[in-house]
Amino acid sequence: EMCAQIKAAELFWLLVPSPENPSQGAYWEHAFAWSERKLTIASGGDQRFVFVSLSQILVETDECAFETIKHIYKRRAAL
């Protein structure tokens, strides 16, 4: 079901886990979204992990990622 949801999505936003709360599942989902050629956005956490570097958009905070996503959809709606 998770793979189907990622395939149906236009983009994938990874809230990068902090070193204190590692998550292999989050990185697997991100890699799957990337392999499906989804727009991938990563924010926050420990951004040194290899899968994070594959993101098309990488921002420091979750708030900045949310604003970026809103901007993407505003531009699409205007077209």
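- The side chain to side chain contact (heavy atoms under 4.5 Å, CB included) test applied to I57 returns L39, I41, V59, T68, I72, not counting sequence neighbours.
- In this view, W34 satisfies the side chain to side chain donor-acceptor pair (under 3.5 Å) rule with no residue, not counting sequence neighbours.
- By the ring-ring contact (aromatic ring centres under 6.0 Å, His included) test, F32 is found to be paired with W28, residues two or more places apart in sequence or in another chain being considered.
- To the nearest 0.5 Å, atoms OG (S18) and CG (N21) are separated by 4.0 Å.
- Judged as a side chain to side chain donor-acceptor pair (under 3.5 Å), and not counting sequence neighbours, the contacts of Q56 are T40.
- Note: I69 CD1 to K74 NZ = 13.5 Å, rounded to the nearest 0.5 Å.
- Counting heavy atoms from C-beta outward, S55 and F12 have side chains that stay 4.5 Å or more apart.
- Residue pairs meeting the salt bridge (Lys or Arg N to Asp or Glu O under 4.0 Å) criterion with at least one member in residues 54-66: none, sequence neighbours excluded.
- Using a distance-only test at 3.5 Å, with no hydrogens or angles considered, no donor-acceptor pair links the side chain of K7 to the main chain of E36.
- More than 12 non-hydrogen atoms from other residues, nucleotides or ligands lie less than 6.0 angstrom from OH of Y73.
- Note that CZ of F66 and OG1 of T61 are 12.0 Å apart. Values are rounded to the nearest 0.5 Å.
- A continuous path of Ile, Leu, Val, Met, Phe, Trp and Tyr side chains, each step under 4.5 Å between heavy atoms, connects Y27 with M2, placing both in one hydrophobic cluster.
- Rounding to the nearest 0.5 Å gives a distance of 11.0 Å between CG of L15 and NE2 of H30.
- Judged as a salt bridge (Lys or Arg N to Asp or Glu O under 4.0 Å), the pairs with a partner in residues 10-31 (not counting sequence neighbours) are, in order, E10-R76.
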